[in-house]
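All heavy atoms count here, side chains included; hydrogens, waters and symmetry mates do not.
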Amino acid sequence: MTLGHVRMDAPVERSLLDDAADPVVGRPLSRIEGPLKVSGSARYAAEHRYPGLVHGVLAQAPFGAGRISRVDVGGAERMPGVLAVIQEGLARNAGDFAGPKAPSQDLENVVYFRQPVALVVADTFERARAGALAVRVEYEAAAGAFDFDALVGRAVPPDDDLGGAFKIRTEQGDVDAALAGAAATIDAIYETPSQSHAPMEAHGSVAVWEEGRLTVHGSYQSPITTRDQLASSLAIDAADVRVISDFVGGGFGSKLGVMPEAVAAALAARQLGRPVKVVLSRQQVFDVVGRRPETRQRVRLGATRDGRLTAISHETVTSQLDGEIFFEPAGIATHFLYAGENRVVDHKLVRLNKVPAISMRAPGEAVGQLALESAMDELAHDLGIDPVELRLRNEPDRHPEEDIPYSSRSLKQCLVLGAERFGWEERNRLPGGRREGEWLVGHGMAVAARGNLFGKSKAKVEIGGDGKVTVASEMTDIGTGSYTILAQIAADMLGVQMEDVAVRLGDTDDPTSAGSGGSWGATTSGTAVYAACEVLRAKLAAAAGATPADVSFADGCVEAEGVRRPLAELVGNGIEAEGSCEPGQATQGYSQESYGAHFCEVRVNATTGETRVARWTSVFAAGRILNQKTARSQCIGGIVFGIGGALTEDLVHDVRTGKVVNRDLGEYHVAAHADVPEIDVVLLEERDHAANPLLAKGVGELGISGAGAAVANAIFNATGVRVREFPITLDKLLLDLPA
């Protein structure tokens, strides 16, 4: 097979996508798999059926820390329909992108409440569930570490920077001296709670062994990561594992790596010699698949009288289970967002007996910009400067810590256009000063910034003898539009209609990708498709007796001077190519980010403290927008996430036991329709030549970044009450509301 490769060692001067005669890239196209989903034809993980399929349900530890003295499975084994109770080899912890999980050999020690201790398998789900409830765990409880607030003073630096992805600490200049000499300072602590990913589709896996090879239909964002972690857990070769995740009902980071249900299903299927399905209940999703950890962030800002930042310090304490290396990098955007010569960004960890902290949508930015953008609003208020103007005055020319250029930075345009579109000049200017009946009305804004990542990916593109195109990659579509975007890229590169492109995703037997996470799925997999199509264009040009530079592709034909040949005539029985991509010098030599600006209006009830978000405008810049409709949808989803983080989301743990108290969607409150106004989203025309040949950047996590801070700032503007402990529930406002 012919291979094409892109290594980003230098900016791309011209993208081949710009040569399309009637481009579909950039159009607001509906998802090509949409009809399958709305008709019920799209088969999700738990819907795969095999002859002889049986069901498993996890039994869980009823305590948060200590030692199991005995697991009594006798009652479960005697129940009707129960086929097996499995204990050894279960995955104790959730997986994440940090690496494979070893099988759990420590079967006695429990490190978080409702840790899996056994899997009960039965001929029906109901019987398996009854069996799991019949498992009795005898234990000796230990004095676990459950209370973050009580232990925050014991925080220590993380053990690992995850290969340089997250910086543990950076320091530049003398922050303390700069603060001492500043005309205005902010020194405030912002607190965010644990949060749950709460994807619509619960985690589930169907496992079957055939001729010594394991196939798992699972709900995963990165099938290849899951495959490798499963192989490690089962102590088998990764080539003997196939993971298929062709449709995924949301993940937000909770499905980046293997979860306990997949390991359990694989173990049971191997032991019983028949297919096994394990689907987590909604409560178990809250219990065992990971969480965004709580944070305590101290932000200190120093500025001149005209608002020029002279000092920025962002120090975070967050939590994690002992032995896990991930930490919430709340200061990740603080490194590059604003100018200021004296700087500290620092992270520390408290080790707690809670389900592991893992990546959740915009890890770092989502909660970090809640703090930083709230602090910037406080500084603007103290200085009497328009919050938009304060940010414009602190626009850096180059990365303020690394002294490298920005690949593209349209934040100023986002701020100016957003303010104009929202009507920022007509905002309430006196906190607590605008009232309409029983409602206090306020306006707030915040910046959105999210680092643009680029990783290794592969894809295969085939042109059949009929001229139809097939794109294949292990990449997944978790509701983001991957199927459609990859079809758009192939269609423009090869000059065919969208209906002539088929896309196959989510199978580890296909070329491996960087997966759906980090807002890099479309750009990495899209670049791999681009590279494969570039090879095919050269083959087609040669078959037409021309050079690639002399031909164009349109209407399913190759055109050159005096030549117009249909693809079907040139490919014979078919041709194919594999494309791949990887980061290079341009990836490291430029500061690459997507940017945006949020503006919102809130109404706070002067009697009850109830907050309603009434109006919203956001403007974003993320390079070439590959699909206006799916990108806008991603931005809206992120904003809704941000509203929930500001007002309602709080994963509560009992500080005595570590037990999750609100472990369902009735008690864990995500933002719903009634909480969200019509959201006005504008996507700027931008190209980033240093990012990739598509000239595009990620948008999936940009919308949530800074969104919650816009709400918090608007609440202050409405009431004059500054709340720094999230979520901002009415009890935190009531006592201080204006009379």
| task | Show your working on salt bridge (Lys or Arg N to Asp or Glu O under 4.0 Å) between Asp680 and Arg632 and close with a plain yes or no. | result | CA-CA 9 Å; Asp680 176 32; Arg632 182 175 180 274; 5.8 Å; no
| said: Quick one, Arg427 with Arg434, criterion side-chain contact (heavy atoms from CB on, under 4.5 Å). Give me CA distance, side-chain angles, the key distance, then yes/no. | reply: CA-CA 10 Å; Arg427 71 190 184 278; Arg434 183 177 295 185; 5.9 Å; no
| Going by distance alone, is a donor N or O of one side chain under 3.5 Å from an acceptor N or O of the other, for Thr512 and Lys458? | no
| Checking Asn394 side chain against Arg308 main chain: does a donor-acceptor pair fall under 3.5 Å? | no
| field | Given Ser594, Ser407, Ser410, the one that forms side chain to side chain donor-acceptor pair (under 3.5 Å) with Asp688 | value | Ser407
| request: Start with the C-alpha gap between Leu29 and Lys629, add the side-chain angles, then the distance that decides, and say whether side-chain contact (heavy atoms from CB on, under 4.5 Å) holds. | output: CA-CA 6 Å; Leu29 301 184; Lys629 181 178 285 189; over 6 Å; no
| message | With ring-ring contact (aromatic ring centres under 6.0 Å, His included) as the criterion, how do Trp520 and Phe454 come out once you've worked through the C-alpha distance, each side chain's angles and the decisive distance to 0.1 Å? | response | CA-CA 6 Å; Trp520 69 359; Phe454 192 72; 8.1 Å; no
| query | For Gln585 and Thr587, does a side-chain donor sit closer than 3.5 Å to a side-chain acceptor? | reply | no
| request: Report the residue from Thr611, Val441, Ile728 that forms a side chain to side chain contact (heavy atoms under 4.5 Å, CB included) with Val604. | output: Thr611
| field | Between His399 and Tyr590, ring centroids under 6.0 Å | value | no
| For the residue pair Ala691 and Asn452, what are the closest heavy atoms and their distance? | CB-ND2, 3.9 Å
| field | Euclidean distance, Ile358 CD1 relative to Arg291 CZ, rounded to 0.5 Å | value | 10.0 Å
| task | Would you confirm whether Asp377, through its side chain, and Ala380, through its main-chain N or O, come within 3.5 Å as a donor-acceptor pair? | result | no
| remark: So OG1 of Thr170 and NE2 of His314: to nearest 0.5 Å the spacing works out to 11.5 Å
| Distance-minimising heavy-atom pair for Leu505 and Ser482 | CD1-CB, 3.9 Å
| request: Please assess Arg391 against Glu395 for the test salt bridge (Lys or Arg N to Asp or Glu O under 4.0 Å), listing each intermediate value before the final yes or no. | output: CA-CA 7 Å; Arg391 288 161 173 83; Glu395 269 285 278; over 6 Å; no
| task | Mark yes when over 12 heavy atoms from residues, nucleotides or ligands other than Glu678 sit less than 6.0 Å from its CD; otherwise mark no. | result | no
| Side-chain heavy-atom pair Tyr595, Ser705 within 4.5 angstrom cut-off | no
| Without hydrogens or angle criteria, can the side chains of Ser580 and Lys456 be said to hold a donor-acceptor pair below 3.5 Å? | no
| message | Is the shortest side-chain heavy-atom distance between Asp22 and Arg27 below 4.5 Å? | response | yes
| query | Within a strict 4.5 Å, meaning less than it, do heavy atoms of the Thr630 and Ile485 side chains meet? | reply | yes
| task | Compare every heavy atom of Phe620 with every heavy atom of Ala448, then report the nearest pair and how far apart it is. | result | CB-CE2, 4.2 Å
| query | Closest heavy-atom contact between Val471 and Val529? | reply | CG1-CG2, 3.7 Å
| query | Between Asp507 and Asp246, is any pair of side-chain heavy atoms under 4.5 Å apart? | reply | no
| said: Is it true that Glu649 and Tyr668 share a donor-acceptor pair across their side chains at a distance under 3.5 Å? | reply: yes
| request: Scan side-chain atoms only and decide if Thr295 and Thr192 contain a donor-acceptor pair under the 3.5 Å cut-off. | output: yes
| field | Aromatic ring proximity, centroids under 6.0 angstrom, Trp616 and His598 | value | yes
| said: Would you say NZ of Lys167 has more than 12 non-hydrogen atoms from neighbouring residues, nucleotides or ligands within 6.0 angstrom? | reply: yes
| query | Is the closest side-chain donor-acceptor distance between His5 and Glu582 under 3.5 Å? | reply | yes
| query | Can you tell me if CD on Gln628 sees more than 12 non-hydrogen neighbours from other groups inside 6.0 Å? | reply | yes
| Under 30°, 30 to 60°, or over 60°: which ring-plane class applies to His443 and Phe422, parallel, tilted or perpendicular? | perpendicular
| query | Would you say the side-chain atoms of Thr648 and His669 include a donor-acceptor pair closer than 3.5 Å? | reply | no
| query | Within the side chain of Glu685, is there an N or O that forms a donor-acceptor pair under 3.5 Å with the backbone of Ala621? | reply | no
| request: Assert yes or no for the condition that the ring centre distance of Phe252 to Phe641 is strictly below 6.0 Å. | output: yes
| Does any N or O in the side chain of His197 come within less than 3.5 Å of the main-chain N or O of Ser359, such that one atom is a donor and the other an acceptor? | yes
| In Å and rounded to the nearest 0.5 Å, what is the CD1 to CG distance from Ile625 to Leu684? | 8.5 Å
| query | Hey, is the main chain of Val447 close enough, under 3.5 Å, to the side chain of Glu373 for a donor-acceptor pair? | reply | yes
